[in-house]
Amino acid sequence: MHVFKFGGASVKDAVGVKNLERVLRKVGFENTLIVISAMGKTTNALETVVGNYFNTKSELQSSLQDVKKYHNAILLDLFDTDNEDAHPVFKKVAALFDELRSFFDRNKSPDYNFVYDQTIGYGELVSTLIVSEYLNLVGIGNKWLDVRECIKTDNYYRRANVNWEASQRAINSKMTSGVLNITQGFLGSDDNNFTTTLGREGSDYTAAIFAYSLNAENVTIWKDVPGVLNADPRYFENAQLLNKISYREAIELAFYGASVIHPKTLQPLQQKEIPLFVKSFQDPEQAGTRVGKGHGIDPMIPCFIVKKQQVLISLSSLDFSYIVEENISEIFKLLHLYKMKVDVIQNSAISFSVCVDNIYNNLPNLLQHLKAKFKVTCHENVSLYTIRHYNSDAIAQLEIDKTILLKQLTQETVQMVTQ
């Protein structure tokens, strides 16, 4: 079994969907499962829909209509018709959007995270339906699979935890051997069959869950870059391709925020030593990057990572007493309570600094709680830079024209918070 994952950039328009077909014909699709993300920036557009549902009801239907129009334009290009009755896919897609509208009409829950998960997954459902129907049209027969029937999770909405035993049973019962299977990334369902999500960029993780459960031969993530680079070319010049990466090194890079591989993706693959390939959907016959058993990276060069829109919180005791285990324990309990993702910490005798990702927008409540016991300084919209396998030139290059708020070095890694 081979598992392929195609991200939103690969299917952002009709040209992208046709290119996916080209990739399959070049590399083969026998005994293959394809995991597909929402098309283009659909997830962002659906986040706007959720925001309108809670804050600007008058704009809800128009924002939802924008999402539908985007997908209808792709349908008209793919199925080469001006008549929406010419192919059943038009009605199937319309039915999914009607289902979403119906959810908004009947929903009684005030929980943003619950509503988010019930809404956001329609991006994946629509994209996979369109790709599946198109591939059938051009002679690549396939089975469309609802991933929510396969991946079972708890109800920690927006960052659900996988029930591995239940998921493995479901995956093996739902998969059809001998045909191309197509399913959605990013999604699961809880015990009440409500949709859950695995966190942004969770489609890579979905591919790994299926690969682990099916004892797959390999996983390939198809990207708009030639493989795993030593830096994100959007933020760093002269990014270089890494030919090989060990599981351990890839997990380190993912932990620090490298965007090519989701942090949770590698652990199940490592357990069964399933190799992961990252390749370009624009040039599918190139080798790309292989992630597997081994040591370090090839070539051995500094790797640069940046996480934007972070928050740096600096604490000091009100009475100049030491910040010791009891204080630190209380701080981490609060960070957990307010669902802050901790990226880096630094402490001294009377101070403690932490850089966090304010995913759930709980920062005001956290700060109010902390101010009861500490003197608090907060810097929002900071950037966290990490260099793996750094050298002095790499550090000097990164520090140019930046205000350094925090800097921390270990043997292999340097991290800097800048403003």
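Just the heavy atoms: all of them, side chains too, but no hydrogens, waters or symmetry mates, feed the values below.
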Return each pair, listed once, that meets salt bridge (charged side-chain N to carboxylate O under 4.0 Å, His left out) where at least one residue sits in residues 343-359; pairs must be two or more places apart or across chains.
K307-D343, K341-D343

Answer with yes or no whether the side chains of R148 and Q184 bring together a donor and an acceptor at under 3.5 Å.
no

Look up atom CZ in F277 and atom OG1 in T289, then write down how far apart they are to the nearest 0.5 Å.
10.0 Å

Which is it for S316 and S351 under the side chain to side chain donor-acceptor pair (under 3.5 Å) test, yes or no, and what are the steps along the way?
CA-CA 4 Å; S316 57; S351 68; over 6 Å; no

Please tabulate, for the side chains in residues 224-233, all donor-acceptor contacts under 3.5 angstrom to protein atoms that are two or more places apart in sequence or on a different chain.
from : atom 1 : to   : atom 2 : distance (Å)
N230 : OD1    : Q240 : N      : 2.7
N230 : ND2    : P302 : O      : 2.9
D232 : OD1    : R234 : N      : 2.9
D232 : OD1    : R234 : NE     : 3.1
D232 : OD2    : R234 : NE     : 3.1
D232 : OD2    : R234 : NH2    : 2.7

Do the rings of F236 and F304 sit parallel, tilted or perpendicular, given the 30° and 60° boundaries?
tilted

What distance do F210 atom CZ and N172 atom CG have between them, rounded to the nearest 0.5 Å?
10.0 Å

Set of salt bridge (charged side-chain N to carboxylate O under 4.0 Å, His left out) partners for K279, sequence neighbours left out
none

Between the OG atom in S317 and the NZ atom in K375, the distance rounded to the nearest 0.5 Å is 10.0 Å

Check the pair H2, N31 against side chain to side chain donor-acceptor pair (under 3.5 Å), reporting the backbone distance first and the verdict last.
CA-CA 6 Å; H2 305 278; N31 198 26; over 6 Å; no

Nearest 0.5 Å, what's the SG-CD distance between C303 and E252?
11.5 Å

Please assess Q267 against Y247 for the test side chain to side chain donor-acceptor pair (under 3.5 Å), listing each intermediate value before the final yes or no.
CA-CA 8 Å; Q267 288 143 346; Y247 289 120; over 6 Å; no

Minimal heavy-atom distance between L269 and A211, with the atoms involved, is CD2-CB, 3.9 Å

Decide if the gap between the ring center of F54 and the ring center of Y112 is smaller than 6.0 angstrom.
yes

How about F194 and F114: are their ring centroids closer than 6.0 Å?
yes

For a quick test of reading the model, state the closest non-hydrogen atom pair linking P284 to F281 and the distance between them.
CD-O, 4.0 Å

How close do V27 and W222 get, counting heavy atoms only, and between which atoms?
CG1-CH2, 4.0 Å

Going by atom types only, do S173 and R169 share a side-chain donor-acceptor pair under 3.5 Å?
no

Residue K57 excluded, over 12 heavy atoms near NZ under 6.0 Å:
yes

Rounded at 0.5 Å granularity, tell me how far OH in Y53 sits from CG in N107.
3.5 Å

Distance from H71 atom NE2 to Y122 atom OH, nearest 0.5 Å?
13.5 Å

Would you say Q309 has more than 12 foreign heavy atoms packed within less than 6.0 Å of its CD?
no

